[in-house]
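First the structure, in the form of structure tokens, and then the observations on it.
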Amino acid sequence: MRSERTPKPDAPPGPAARGASGFRASGDGRSALAVTLVALVVGLVFWEPVAPGVWHDDGAYLLLGKSIADGEGLRYAGVSGSPPGAKFPPGYPALLSASWLLWPEATGQGAAASLLNVVLLALTAGLTWLVARRCVGLAPPWALVVLVPWLSADMWRVGMVALSEPLFLLTSVAAMGAALILERRSSARWLSLAAVGIAAAFHVRSVAVVLAVALGLALVVRARRRDAAVVLGVVALLVLPWIVWANAAAEALPDTLRDVMGPYGSWLFGQVVSDPGGAVARLLAGGASRGTILFSTMLPGVTGPLLWILGLPALGLALTGLVRGTRKGGSGWTLPLFVVGYLVILGLWPHQERRLLVPLLPWLAVGMAWLGPGRMLRGAGRWATLAWVALFVGGGSVGLLRGLHLESYRVRELMLARAMAAVEEQVPPDGVVGAPELWGGLHLHTGRPVAPSARFLPAARGAPWGSPEEQYRLWAETGIEYVVLELAGTVHKAAMDELDARCPGAVQLVASWGGGLLVRLAWDEACRARVLPGG
């Protein structure tokens, strides 16, 4: 490969942009393979099987995958009425269907799905290295900084159960690499690869639309409006069938299930429009918790006031580094625009979880890596990068050794096991069981028909799981006969107390365990008319 000291404006970064060593493409490929194998070893060392269905989303994904494997299409197998799976894009359930074909027993799905995710995370590590070297232009040893997130409990936590983040990481990193090359080279080939990559990532998690917008804006900044229009048009054509199908399928869902099983856009937008003032107030009130989650993900192990003292400058430095990368000619504007757009979406999103931040970790690490080379602030950038790496590696490694990537799952695994034992003992084979989050896992382990027993109203005023009347309507429409009260009955306590007061004998306790209850709904038509006026 011919060496160039300065990359051409419309070409991908050459060897000089990747560092003085001038790695050849084959050398980068071998390095990426080595990174993948090391990450795989790390993942396997910290891997432990978790019972399937311990979380809401992993149970739902597994049910969708089973339905596809059984030839029933994208539907919730085992849920009362077999409703269509209109909420989650089909990419990850389709991948899980292969797991069901290889291991048709539900008990094996926890190990199978988590091992698959460990492999996906390892592949992403190798691909991230390759993108950092050949598309972002980072030189060794600074390119190693982008691999630091693979030493955190947050990264491996999403791989321990059937969650879509590992596949989204892989597809979004591939799409980012193609987008960065397209940004520097007007090429039909890379335009097609970028559009297909973004569409593939969108079919895993719809937040990939941020990457499409970021690439479009980056091309406009480079005065390539035609390329921007074409790539956005191709992405739209590739994702439109899913959007159309999901919205049409949502019409077949009962009103009470659309927020739990329907596409995010319509019902969430409706909640915000119905109470915009309340939505804004709750958004502002949750600002501190959002910042805490973000900073603790960037600085594992740091807690208390020090988290904000270090977190704010760390975020600022990472964003500064991403912008610096664009000025040094190695990176492109797609990357910082994507990170900022993703942060904005998460800031507006009413439901906060640490795992939602994991897809940002490699790119924030890229920003920190770009601070290292050069003499920014008389070398202060280099020391900032090294300090962040030391903090992250230290805190992340300690977290992994302490098993923090499995801690929350073990708590929920015990809760699921106790609920499963009660359901198997007390509920007849055709009895419909409702639960706020464990409904998927209960069907996987007991075979009973199930349904969600709570609403999902994160942007609405009041309880996010719905008022007592909204819960009653959900139970009636889905035919729920038994309800599992998770987490000491927090979600359903008010509804159960009111139902018992208005219809004595309608709430029958059939089993209890530490932190949970199983009740039977013994309500007749007269009781339903009393608690569901007009229903």
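Residue numbers start at 1 and run along the sequence shown.
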State whether the side chain of Gln109 and the backbone N or O of Trp103 hold a donor-acceptor pair below 3.5 Å, judged by distance alone. yes

Does anything in residues 437-449 form a salt bridge (Lys or Arg N to Asp or Glu O under 4.0 Å)? List the pairs, not counting sequence neighbours. Arg412-Glu437

Heavy-atom distance under 4.5 Å between the side chains of Val531 and Glu498, does that happen here? no

Using side chain to side chain donor-acceptor pair (under 3.5 Å) as the criterion, list what pairs up with Asp500, not counting sequence neighbours. none

Going by atom types only, do Arg205 and Thr171 share a side-chain donor-acceptor pair under 3.5 Å? no

Glu72 side chain to Ser82 side chain, donor-acceptor N/O pair below 3.5 angstrom: no

Would Asp524 and Arg530 count as a salt bridge (Lys or Arg N to Asp or Glu O under 4.0 Å) if you check the C-alpha gap in whole Å, the side-chain angles of each, and the deciding distance to 0.1 Å? CA-CA 10 Å; Asp524 53 22; Arg530 198 175 306 144; 5.8 Å; no

Report the residue from Trp156, Tyr92, Trp47 that forms a side chain to side chain donor-acceptor pair (under 3.5 Å) with Asn117. Tyr92

Should Thr478 and Val432 count as side-chain neighbours, where that means a heavy-atom distance under 4.5 Å? no

Any chance you could lay out the side chain to side chain contact (heavy atoms under 4.5 Å, CB included) test for Val483 and Met496, step after step, and finish with the verdict? CA-CA 10 Å; Val483 181; Met496 290 295 178; 3.8 Å; yes

Contact between Met155 and Leu169 at the side-chain level, heavy atoms closer than 4.5 Å - yes or no? yes

Apply side chain to side chain contact (heavy atoms under 4.5 Å, CB included) to the pair Leu343 and Leu315, showing each step before the final yes or no. CA-CA 11 Å; Leu343 286 171; Leu315 178 60; 4.2 Å; yes

OG-CG distance between Ser80 and Leu257, expressed to the nearest 0.5 angstrom: 8.5 Å

For the CZ atom on Arg402, are there more than 12 heavy atoms of other groups (residues, nucleotides or ligands in this structure) within a distance under 6.0 Å? no

Specify the closest pair of heavy atoms between Leu361 and Ser152, including all atoms of both residues, with the distance to one decimal. CD1-OG, 4.4 Å

Do the side chains of Glu481 and Leu521 get nearer than 4.5 Å, heavy atoms only? no

Tell me, do Pro52 and Leu62 make a side-chain contact under 4.5 Å, heavy atoms counted? yes

Within this structure, what is the CG-CH2 distance for the pair Leu518 and Trp513, rounded to the nearest 0.5 Å? 5.5 Å

Interatomic spacing from CZ in Arg157 to CG in Asp154 - rounded to 0.5 Å: 4.5 Å

Would you say the side chains of Ser67 and Tyr76 form a donor-acceptor pair under 3.5 Å? no

Checking Thr292 against Trp308: is there a side-chain donor and acceptor pair closer than 3.5 Å? yes

Report yes or no: does Gln508 contribute a side-chain atom to a donor-acceptor pair with the main-chain N or O of Ala522 at less than 3.5 Å? no

Does the side chain of Ile293 come within less than 4.5 Å of Leu357's, by heavy atoms? yes

Do NZ/NE/NH1/NH2 and the carboxylate oxygens of Glu413 and Arg418 come within less than 4.0 Å? no

Is the distance between the ring centroids of Trp439 and His56 less than 6.0 Å? yes

Quick one: do Ser296 and Leu307 satisfy side chain to side chain contact (heavy atoms under 4.5 Å, CB included)? Show the steps, please. CA-CA 7 Å; Ser296 62; Leu307 180 62; 4.0 Å; yes

Flag, side chain of Arg520 to backbone of Val510, donor-acceptor distance under 3.5 Å: no

Report the C-alpha distance between Trp55 and Glu353 in whole Å, list the side-chain angles of each, state the deciding distance to 0.1 Å, and finish with yes or no for side chain to side chain contact (heavy atoms under 4.5 Å, CB included). CA-CA 12 Å; Trp55 217 256; Glu353 287 188 44; 3.7 Å; yes

Electrostatic pair Arg75-Asp70, nearest N-O below 4.0 angstrom: no

Donor-acceptor pair, Thr124 side chain versus Leu120 backbone, under 3.5 Å? yes

Report yes if some heavy atom in the side chain of Met415 is under 4.5 Å from a heavy atom in the side chain of Leu487; otherwise report no. yes

So do Tyr472 and Leu499 actually touch side chain to side chain, heavy atoms under 4.5 Å? yes

The reported gap from OH in Tyr342 to CH2 in Trp363 (rounded to nearest 0.5 angstrom) is 12.5 Å

Please check this pair: side chain of Asp58 against backbone of Gly53, looking for a donor-acceptor N/O pair closer than 3.5 Å. yes

About how many Å separate CZ of Phe46 and NE2 of His405, when rounded to the nearest 0.5 Å? 6.5 Å

Identify the residue among Glu477, Arg455, Glu470, Arg473 that makes a side chain to side chain donor-acceptor pair (under 3.5 Å) with Thr256. Glu477

Using the six-membered ring wherever Trp is involved, compare the ring planes of Trp349 and Tyr264 and label them parallel, tilted or perpendicular (cut-offs 30° and 60°). perpendicular

dist His203:NE2 -> Leu167:CG (nearest 0.5 Å) comes out at 12.5 Å

